[in-house]
Amino acid sequence: MKKLLIATGGGDCPGLNAVIRGIYKRAKKEKDWEVYGSKEAFNGVYSDPPEIIKLTKNKTAGIHVKGGTILKTTNKADPLHFPITDENGNVKFVDRTNILADRIKELGFDAVINIGGDGSQKISQALYKHGINVVGVPKTIDNDLSATDMTFGFQTAVQIASDSFDKLVTTAESHNRIMIMEVMGRDAGWIAIHTAIAGGADICLIPEIPFDIHKLVKKIQSRYEKGRGFVNIVIAEGAKPKEGTIVSRKGEEGSHHVRLGGVAFQLSQQLKDAGIKEEIRETVLGHVQRGGTPTAFDRVLASLFGVKSFEMVLKGDFGKMASFKNNSFISVPLEDATKEYNYVKKDSFIVKGAKGLGITFGD
Ligand code: F6P
């Protein structure tokens with residue numbers, strides 16, 4: 001029997017379980033493959049004894065409707081930035097991919113499917129360079145991977161954000177307030193811009209377009225002057241003013257990432273400082289956007305990513321990532337997949353179209 005190992009890394013995302021089930025179901029059609037899952041990204045491989053589970057019909061049945069990942073995940077212990085504490089208690093990050101690759105070989109795996117975002121696909125690329133037969137599957141609610149038109153989880157996040165936005169509009173209208181809703185999006189404002197269009201926001205602030213607070217004040221005042229006594233704002237967590245920095249704090253021990261969140265409160269203060277007298281309320285959606293059951297679209301996308309990635313394994317199409325491009329499932333070199341982010345471009349139709357709908361970006 002040949003052995004396949006699946007890992008889910010980085011933040012959880014609606015659709016991960018649908019990919020796992022898709023891989024398992026497609027693999028079962030071949031009679032000579034067994035499918036295993038590493039617990040908590042590749043920590044299961046590092047563990048002694050290894051924490052690796054054999055996937056079965058019972059373990060995977062019906063999981064495509066469930067959020068999260070049955071394999072668990074982590075965004076700490078990235079083998080490219082593995083945290084080591086020295087004798088003085090200082091944490092250093094070192095590259096341990098060679099050890100990981102050796103462990104995978106020792107455990108007898110013929111191929112690995114690594115499901116994750118940009119960071120995880122960099123790990124896939126490094127493992128491939130160390131001789132592991134890897135296939136990557138793109139995952140992120142932020143939709144910020146350039147080699148695929150869409151990542152699963154994104155649609156679900158936008159649906160949750162739009163539903164939440166609709167609920168905030170009620171209060172904005174009833175109280176004549178300014179409501180600021182902060183959504184996820186570290187480097188890319190896809191969730192914010194989709195939510196702003198779907199929800200009919202007045203202002204949308206994204207990382208790619210630093211905003212001028214005075215332009216926002218003008219827009220807000222003009223709405224109140226016209227008698228539209230309320231304003232709805234969507235802001236991505238990574239958005240920043242033209243003269244300013246993103247709102248972030250140090251990541252947890254073992255993580256080399258900073259944590260974002262809280263820009264809604266900063267914006268609220270900036271608007272007050274710039275002369276806005278109306279009442280402002282802030283809502284930070286946070287992990288609600290990553291939770292719960294995936295939308296039907298994401299279940300389909302994720303399930304087909306599962307099938308595609310296993311078929312790439314069968315063909316020996318390694319060192320590649322499955323990708324959804326122009327309505328088809330293709331494979332792209334991991335190297336290209338991790339080269340650049342999928343940013344919202346300032347001159348793209350989505351931004352121009354949003355402006356056409358009256359949404360202000362503050363640029
Ligand atoms: O990358 C996806 C993402 O949802 C980002 O938008 C966000 O900044 C981050 O994950 C939050 O991660 P954590 O779960 O570690 O707080």
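Only a predicted model underlies this, so the values are computations on that prediction, with no experimental measurement involved. All ligand and atom numbering here is 1-based and tracks the order in the structure.
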Legend entry - Qualifying ring pair (Phe, Tyr, Trp, His ring centres under 6.0 Å) pairs, either residue in residues 14-50, two or more places apart: Trp33-Phe310, Tyr36-Phe109, Tyr46-Phe82

Inset, instruction - Decide whether an N or O pair under 3.5 Å exists between Arg259 and ligand 1. - result: no

Legend entry - Of the listed options Arg186, Met184, Lys76, His287, closest to atom 13 (P) of ligand 1 (non-hydrogen atoms): His287

Legend entry - Proximal atoms of ligand 1 relative to Ile141 (non-hydrogen, under 4.0 Å): 4 (O)

Legend entry - Ligand-side contact atoms (ligand 1) for residue partner Arg290, heavy atom cut-off under 4.0 Å: 3 (C), 4 (O), 9 (C), 10 (O), 11 (C), 12 (O), 13 (P), 14 (O)

Inset, instruction - Record the part of Glu237 in heavy-atom contact with ligand 1 below 4.0 Å; permitted values are side chain, backbone, both and neither. - result: side chain

Inset, instruction - Please examine the side chains of Leu4 and Asp110, heavy atoms only from C-beta on, and report whether any two atoms are closer than 4.5 Å. - result: no

Inset, instruction - Please name all residues satisfying salt bridge (Lys or Arg N to Asp or Glu O under 4.0 Å) with Glu311, sequence neighbours left out, ordered by chain then number. - result: Arg26

Inset, instruction - Using non-hydrogen atoms of the residue, decide whether Leu260 is closer than 4.0 angstrom to ligand 1. - result: no

Inset, instruction - Measure the acute angle between the ring planes of Phe329 and Phe324, then classify it against the limits of 30° and 60° as parallel, tilted or perpendicular. - result: tilted

Inset, instruction - Answer yes if the ring centres of His194 and Phe154 are under 6.0 angstrom apart, and no otherwise. - result: yes

Legend entry - Nitrogen or oxygen atoms of Asp142 and ligand 1 under 3.5 Å apart: yes

Inset, instruction - Begin with the C-alpha distance, continue with both residues' side-chain angles, and end with the deciding distance and a verdict on side-chain contact (heavy atoms from CB on, under 4.5 Å) for Ile203 and Ile220. - result: CA-CA 9 Å; Ile203 295 174; Ile220 293 170; 3.9 Å; yes

Inset, instruction - Answer with yes or no whether Gly185 contacts ligand 1, where contact means a heavy atom under 4.0 Å from a ligand atom. - result: yes

Legend entry - Numbered atoms of ligand 1 (with element) below 4.0 Å of Asn75, judged on heavy atoms: 15 (O)

